[in-house]
Amino acid sequence: MDDISGIPPNNCQKVFIQRDFSEGTSVKFLTKFPAELNGKLETDVFVRTITQLNSMFSEAETLGGRNYCESCLACLTAYTSYICFDTHYEKMLKKITKFIAEQNQDYYVPRGLMLVDPVERGLRTLEICLLTENNGR
């Protein structure tokens with residue numbers, strides 16, 4: 001797969017999808033379709049992407065027996081065990097990055113758009129760049 005997840009140009013118009021704090025502080029993005037994407041992307045593709053992202057972040061933040069064991073092992077090894085393996089959260093972040101790259105390749109880039117990994121924005125917002133338009137700079 002080609003690497004199309006590079007840094008988007010600074011002079012492109014950007015649409016920001018804000019976090020949804022209605023159910024607490026977990027990472028969840030609003031599924032409301034932004035008006036700026038009308039005619040550029042189908043609503044169902046957008047909602048499906050955001051819903052899947054929200055689901056993946058929810059899975060990453062789920063606590064279970066595995067997380068408990070990872071934490072206990074980390075404490076017992078003075079946290080040097082984290083050098084040897086990725087935590088559940090880190091593995092999920094890698095899956096999310098791969099999912100965003102696939103969405104970009106399959107849906108967004110062919111339509112002149114590009115999703116930016118929310119990790120690059122500190123999980124504050126999901127950025128969509130309109131590659132075919134510049135913001136007049």
Side-chain angles (χ1 to χ4, degrees):
M1 177 169 40
D2 295 333
D3 184 20
I4 57 172
S5 62
I7 299 172
N10 287 330
N11 61 349
C12 68
Q13 183 180 352
K14 297 173 182 170
V15 177
F16 295 97
I17 311 303
Q18 299 300 319
R19 291 261 305 265
D20 180 2
F21 291 103
S22 64
E23 297 176 15
T25 59
S26 61
V27 179
K28 183 178 178 184
F29 296 98
L30 295 170
T31 56
K32 182 179 180 237
F33 188 75
E36 296 90 349
L37 298 181
N38 278 335
K40 295 175 180 56
L41 183 69
E42 298 81 14
T43 305
D44 62 322
V45 172
F46 173 80
V47 170
R48 201 171 344 138
T49 299
I50 300 300
T51 302
Q52 182 64 29
L53 273 175
N54 288 341
S55 173
M56 293 172 91
F57 276 113
S58 176
E59 183 181 340
E61 294 177 352
T62 301
L63 297 177
R66 180 181 176 155
N67 298 81
Y68 177 76
C69 290
E70 282 178 2
S71 297
C72 288
L73 179 63
C75 286
L76 292 172
T77 62
Y79 295 93
T80 58
S81 63
Y82 287 145
I83 296 170
C84 301
F85 64 89
D86 291 334
T87 65
H88 172 68
Y89 195 81
E90 290 168 329
K91 288 177 186 176
M92 286 305 300
L93 288 180
K94 287 179 182 179
K95 282 184 181 179
I96 289 167
T97 299
K98 182 179 177 187
F99 172 74
I100 289 173
E102 290 170 356
Q103 292 295 298
N104 275 331
Q105 184 176 24
D106 297 341
Y107 300 106
Y108 290 84
V109 171
R111 290 168 174 85
L113 306 169
M114 184 171 159
L115 284 173
V116 177
D117 193 340
V119 172
E120 294 179 26
R121 302 295 176 254
L123 300 176
R124 296 174 315 223
T125 186
L126 178 64
E127 181 180 320
I128 301 175
C129 292
L130 283 67
L131 300 175
T132 56
E133 299 178 16
N134 57 29
N135 63 2
R137 284 186 189 177

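What you see is a predicted model; the values in this text were computed from it and never measured. All residue numbers in this chain count up from 1 along the given sequence.
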Quick test of your reading: applying ring pair (Phe, Tyr, Trp, His ring centres under 6.0 Å), list the pairs with at least one residue in residues 27-60, sequence neighbours left out, ordered by first then second residue.
F33-F46

Quick one: which residue pairs count as a salt bridge (charged side-chain N to carboxylate O under 4.0 Å, His left out) with a foot in residues 54-68, not counting sequence neighbours?
R66-E70

Would you list the pairs meeting side chain to side chain donor-acceptor pair (under 3.5 Å) in which at least one residue belongs to residues 26-38, sequence neighbours left out?
E23-K28

Kindly say whether T51 contributes a backbone atom to a donor-acceptor pair with the side chain of S55 at under 3.5 angstrom?
no

Closest non-hydrogen atom pair between L131 and M114, with its separation
CD1-CB, 4.0 Å

For S22, side-chain hydrogen bond (donor to acceptor under 3.5 Å, both in side chains) partners two or more places apart:
D20

Run the salt bridge (charged side-chain N to carboxylate O under 4.0 Å, His left out) test against R124 and tell me which residues pass, sequence neighbours left out.
none

Listed partners of D117 passing side-chain hydrogen bond (donor to acceptor under 3.5 Å, both in side chains), at least two apart:
T97

Those residues at least two apart in sequence (or on a different chain) that pass side-chain hydrogen bond (donor to acceptor under 3.5 Å, both in side chains) with S81 are T77

How would you list, by chain and number, every residue that makes a side-chain contact (heavy atoms from CB on, under 4.5 Å) with F16, sequence neighbours excluded?
K14, Q18, T125, E127

Mind jotting down which residue pairs meet the salt bridge (charged side-chain N to carboxylate O under 4.0 Å, His left out) criterion with at least one end in residues 74-84? Sequence neighbours excluded, please.
none

Run the numbers on V119 and I96 for side chain to side chain contact (heavy atoms under 4.5 Å, CB included), then give the verdict.
CA-CA 9 Å; V119 172; I96 289 167; 5.8 Å; no

Do you know which two heavy atoms are closest between L115 and Q103, and how far apart they sit?
CD1-CB, 4.1 Å

Not counting sequence neighbours, which residues clear salt bridge (charged side-chain N to carboxylate O under 4.0 Å, His left out) with E42? List them please.
R111

With sequence neighbours excluded, give me every ring pair (Phe, Tyr, Trp, His ring centres under 6.0 Å) pair touching residues 91-110.
none

